[in-house]
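This structure is a prediction, so every number in the text was calculated from the model and none was measured. Per chain, numbering begins at 1; letters A, B, ... match sequence-line order.
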Amino acid sequence: MTDHTVSPDVHSDDDYSAYHDALAPWWADHARDFPWRFGRTDAWGVLLSEVMSQQTPMTRVLPYWQSWMAVWSSPDKLAEATAAEVISAWGTLGYPRRALRLRECAQEIVARFGGRVPDTYEELVSLPGIGDYTACAVMAFAYGKRVPVVDTNIRRVLSRAIGGAESLGGAANASERKLAENALPRDARMSVIWNQATMELGATVCTAKSPACDECPLRSECKFAQAGWPGLGQKRTRPRQTFTGTNRQVRGKILKALRHADEHHLSYDEISQVWADSVQLDACIASLDEDGLIEIREDHSLTLPLG
DNA sequence: TTCCGGTGCT
DNA sequence: AGCACCGGAA
């Protein structure tokens, strides 16, 4: 037993009705108005918003989601795009491999599911770029299914409000999943609101470092606040990779240069100007090539992939 | 300078 | 289980 995040004896249905009763009205008043919410888009729009939101705040996703949906409003449309087009349209959203996975995902949805976004966990996680979280999010938010959507925000809110402690780092454990399953309202429609509202609370109020407890609808029943916020923000985090001088920075510079280049093409001399250390530059060019994010020509010039 | 996070690979 | 991957806000 390695988990001490939540106490084990809080699993009966009645323990959570007050939680939902406080959360639902808060959601009604405070939900941010994104176009992929409130049933205003289809399953493809939801899937796109969820992939774009991986590792990325929704406020930053919004303009990209709108421009992508304007051009690629369905899987069969995105399936026809070139890699260069999607990498270019990804702009500075970050983690550009997601753009490639999204196109492959669209192609598989067309080839395997007749262009319809699947609605089962097994089918969804079999798609490129779709892991546990995104599969559950699509089932809940696109298809209205009663599924616990266990992201980092929900883990933090549940661990605090019900368990009275900070959630640990690492993958969600069985105890956390069990808690989310038990706290989830039995009614499917209510469960979708619960997932969205809990996630939103974690994103906007019950934040990692400085929770706005004064504005929290769960303030009066929160075990974490009652205990005096023990170990606030002490989540075990990955060792911080300093950005300057990393491959991550160099890869970003190379891709940015190609995005802005005429015909997305640069000679080796031109690309050499983005980074002085040629050994590291070459390593990053090789890794971008391995990721399928660039193509290397015979003369060592670079392009975004035509395919 | 530090913080934030889901997927996929090792 | 640990790590690489991103850019922008705090």
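We find that CE of A:M199 is positioned 18 Å from P of B:dC4, with the value rounded to whole Å. In this structure, CG of A:L62 is placed 20 Å from P of C:dG7, rounded to the nearest angstrom. Atom CG of A:L255 and atom P of C:dC5 are 13 Å apart (whole Å). B:dG8 atom P lies 18 Å from atom CD of A:E290, rounded to whole Å. In this structure, A:R60 atom CZ and C:dA10 atom P are separated by 11 Å, rounded to whole Å. Summarising the geometry, the separation between CD on A:Q249 and P on C:dA4 is reported as 16 Å, rounded to the nearest angstrom. Summarising the geometry, the separation between NZ on A:K253 and P on C:dG8 is reported as 12 Å, rounded to the nearest angstrom. Between the CZ atom of A:R251 and the C1' atom of C:dA4 there is a distance of 8 Å, given to the nearest Å.
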CA sep, side-chain torsions, deciding dist, call: A:D132, A:R177, salt bridge (Lys or Arg N to Asp or Glu O under 4.0 Å): CA-CA 12 Å; A:D132 176 77; A:R177 291 177 183 287; 3.5 Å; yes

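You'll find that the side chain of A:R156 is closest to B:dG5, out of B:dG5, B:dG6, B:dC3. Nearest nucleotide to the side chain of A:R248, out of B:dC4, C:dC5, C:dG7: C:dG7.
Around atom NZ of A:K145, more than 12 heavy atoms belonging to other residues, nucleotides or ligands sit under 6.0 Å away. For A:R40, the CZ atom is densely surrounded, since the number of other residues' heavy atoms within 6.0 Å is greater than 12.
Less than 4.0 Å separates DNA chain C from at least one heavy atom of each of the following residues of residues 86-102 of chain A: A:T92, A:G94, A:Y95, A:P96, A:R97.
Nearest-nucleotide positions on DNA chain B for A:G129 and A:A208 put A:A208 closer to the 5' end. Summary of the strand contacts: A:A135 and A:P57 both lie near DNA chain B, and taking for each the nucleotide with the nearest heavy atom, the more 5' one is attributed to A:P57.
Distance alone, capped at 3.5 Å, places no donor-acceptor pair between the A:T198 side chain and the A:N195 backbone.
Contacts of A:D151 with the nucleic acid, taken as non-hydrogen atoms under 4.0 Å apart, involve only primed sugar atoms and P, OP1 or OP2. At a threshold of 4.0 angstrom between heavy atoms, the contacts of A:T134 are confined to the sugar-phosphate backbone, with no base atom among them.
The CG atom of A:L124 sits 8.0 Å away from atom CD1 of A:I109, with the distance rounded to the nearest 0.5 Å. Atom OH of A:Y19 sits about 9.0 Å away from atom CD of A:E221, to the nearest 0.5 Å.
Taking a cutoff of 4.0 Å between a charged side-chain nitrogen and a carboxylate oxygen, A:E166 and A:R155 do not qualify as a salt bridge.
Remark: the A:Q54 side chain and the B:dG5 base include no donor-acceptor N/O pair separated by less than 3.5 Å.
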